[in-house]
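For the numbers below, each heavy atom of this structure counts, side chains included, while hydrogens, waters and symmetry mates do not. Numbers restart at 1 for each chain; the letters A, B, ... are given by sequence-line order, proteins then strands. This one's a predicted model, so the numbers in the text were calculated from it and none came from an experiment.
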Amino acid sequence: MPEFFEEDEEKEEKALPELDADEVVMRMAPYPSGPLHIGNARMILLNDEYVKNYDGKLILFYDDTIGSEEKRLLPEAFDMIKEGLDWLGVDWHETYYKSDRMDTYYEYAEKIIEKEEAYVCECSAERLRDNREKGIECEHREKSVEENLEDWEKMLEGVYEEGEAVLRIKTDMEHPDPAFRDRVLFRISERRHPRVGNEYRVWPLLEFSWAIDDHLLGMTHILRGKDLVIEDRMEEYIWDIFGWDHPEFLHYGMLRLKELSLSKSKFQRMISEGDIEGWNDPRTWSLQALRRRGIKPEALRDFILDFGLSSTDVEVPASKLYAKNREVIDEESNRYFFVPDPVEIELEGEIEMEEARVPRHPDDPDRGDRILKTGENVFIPREEYEEFQDEEIRLKNFCNIRLKDGKGVITGVENKDILKIQWLSEGIDVKVERPDASVEKGLGERNLEETSTGDIIQFERYGFARIEEKDPYYAVFGHR
RNA sequence: GCUCCCGUAGUGUAGUCCGGCCAACCAUCUUGGCCUCUCGAGCCAAAGACACGGGUUCAAAUCCCGUCGGGAGCACCA
């Protein structure tokens, strides 16, 4: 048995900072504007990892409030998110939707008004912003509880149009942090919600809905990106109004992939405008797209957890993910020849063998050889054909040739220390989808027939790919 | 401008809370070498960092102050 099979991959798992708790209840709250992508994976996996480590409870909580014009809900996103979680191997115990809990938010909205801690404000967005900047209290802040309750009712009933009134919390208009001054709790939106339609027109913003739900559902730890730290203080402020205990906050910094520049909402627009085909497109870096490329969930998990819980921002190249993935798939991936952009050349000289034998896996002879027919004509990649004119190269496991004017003059069969390339005398058409979504056509060896859909293989000298379809053959490129 | 967060090798991290065992961990990258009929994998070796300046202390990556740099928030988005 080859020794690399015996290697017990027992990586000392890098410990996340410990939690000071007997019980752990956490929640992951994706906004359903698209499937989960690599950027969301940090939030998801950190939650999952903590809950698993502490044998706690993990809640999937769709943060499906109405969003904004730029950030729209996507009906298909709900299922795509679940699909991504399953693929990642995330175990969650309960599922909730913000859109199911509107009555609860309304109930507490009323309570907070009654406590004189919130008021209905009719300032325009511009005036509100301006006052916030200058620290000026507007006249609506002075209204009585009765007036506020009445106006709140008017918001719910549709007396106000979209944008005409909001419910704001009373903090302090001279609070040193301008971002903290009388934030908006609820606003009016007439947009149609994919799950509850037009049943509600007054929607909470995340600080309020979370302040309520995190308490009601007994969250012990709240993990969020550090871009949301102000929400911590907002939640605490609201909990104090109601006299509730404070769960603990954990933060992680922003994760940026060098290769990924676009946002989910941008992809949503590109997809709806037909610029790209869909969320499977590798350019979206959705979990679905990564799966297609043969990225393994355990590699992604390893990659993400490597960053720990640090609140430092990180920018990493995708090659780091590929390195992790290679660790996982190199062993399982059988090798095959694929000749991209093939050029046919005629061999000149005596062909000594009818077939060539190449191992399925160089490190595991037990998998046997694949057999390749030789012939008077062979196809080689155009790139090498052009680059190595007049030079001697080796058709791997076959013979050495000197390239000259569309011909390959055979110079011997011995294994020399020269460039070795993949070649085929015949084969089947294979298309390979590249990470930039372009499709490369080429010739694949006939032994590909022994593979199954979903197999991850390596095209020698070309890279790892996952067989997505057979007949006709369609593979998705992963990485080198 | 105001508020908050963060600064350890090219990159990502360990160590920072509870100063000494840190002349600083691991991975990746890079460079040599070995191995291999792939530009894959494996093996060996080397190179590479505590942002800066002060202070406290017998002793500071670790504590304090300042400076500089980076990020986030100041949306009726999440």
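- Counting any heavy atom pair closer than 4.0 Å across all strands shown, A:Arg132 reaches sugar-phosphate atoms only and no base atom.
- Residue contacts shown for A:Gly67 are limited to sugar-phosphate atoms, with no base heavy atom under 4.0 Å away.
- Among the atoms of the strands shown, only primed sugar atoms or phosphate atoms (P, OP1, OP2) are found under 4.0 Å from some heavy atom of A:Leu205.
- Within 4.0 Å (heavy atoms only), A:Ala323 reaches no atom of the nucleic acid at all.
- A:His37 and A:Trp285 have their aromatic ring centers separated by at least 6.0 angstrom.
- Across all strands shown, A:Phe464 has heavy atoms under 4.0 Å from sugar-phosphate atoms exclusively, and none from any base.
- Two rings, from A:Phe459 and A:Phe337, have their centers 6.0 Å or more apart.
- Residue A:Val316 is in sugar-phosphate contact alone, with no base atom involved, counting any heavy-atom pair closer than 4.0 Å across all strands shown.
- In this structure, A:Glu315 reaches the sugar-phosphate backbone alone: every heavy-atom distance under 4.0 Å involves primed, P, OP1 or OP2 atoms, never a base.
- A:Asp63 comes within contact range of the sugar-phosphate backbone alone, with a heavy-atom separation under 4.0 Å but no base atom that close.
- The six-membered or imidazole ring of A:Phe208 lies near that of A:Phe186, with a centre-to-centre distance under 6.0 Å.
- Nucleic acid contact for A:Arg181: none, since no nucleic acid atom lies under 4.0 Å from a heavy atom of the residue.
- When heavy atoms are screened at a 4.0 angstrom cut-off, A:Glu174 is found touching no nucleic acid atom at all.
- Residue contacts shown for A:Pro362 include a base, since a base heavy atom lies under 4.0 Å away.
- For the C1' atoms, the distance linking B:rC64 with B:rG19 amounts to 13 Å, nearest Å.
- At a threshold of 4.0 angstrom between heavy atoms, the contacts of A:Cys123 include nucleobase atoms, whether or not backbone atoms are also involved.
- Of the options A:Tyr462, A:Phe464, A:Phe477, a ring pair (Phe, Tyr, Trp, His ring centres under 6.0 Å) to A:Phe338 is made by A:Tyr462 and by none of the others.
- In the displayed structure, A:Glu248 atom CD is contacted under 6.0 Å by more than 12 heavy atoms of other residues, nucleotides or ligands.
- Note on A:Thr65: a side-chain N or O is less than 4.0 Å away from OP1 or OP2 of B:rA78.
- Remark: the separation of the P atoms in B:rG66 and B:rU28 is 41 Å, to the nearest Å.
- Residues A:Asp240 and A:His246 bring a donor and an acceptor atom of their side chains to less than 3.5 Å of each other.
- With contacts defined as side-chain heavy-atom distances shorter than 4.5 Å, the pair A:Ile188/A:Met155 qualifies.
- Regarding contacts with the backbone of B:rC4, every side-chain N or O of A:Arg233 stays at 4.0 angstrom or more from both OP1 and OP2.
- Not less than 6.0 angstrom separates the ring centroid of A:Tyr119 from the ring centroid of A:Trp152.
- In RNA chain B, runs of at least 3 stacked Watson-Crick or G-U pairs (N1-N3 plus N6-O4 or O6-N4, or N1-O2 plus O6-N3, all under 3.5 Å) give these stems: B:1-7 with B:68-74, B:10-12 with B:26-28, B:30-34 with B:42-46, B:51-55 with B:63-67.
- Contact annotation for A:Asp313: backbone-only contact, meaning every heavy-atom pair under 4.0 Å involves sugar-phosphate atoms and none involves a base.
- The residue A:Arg335 sits close to a base: some heavy atom pair falls under 4.0 Å.
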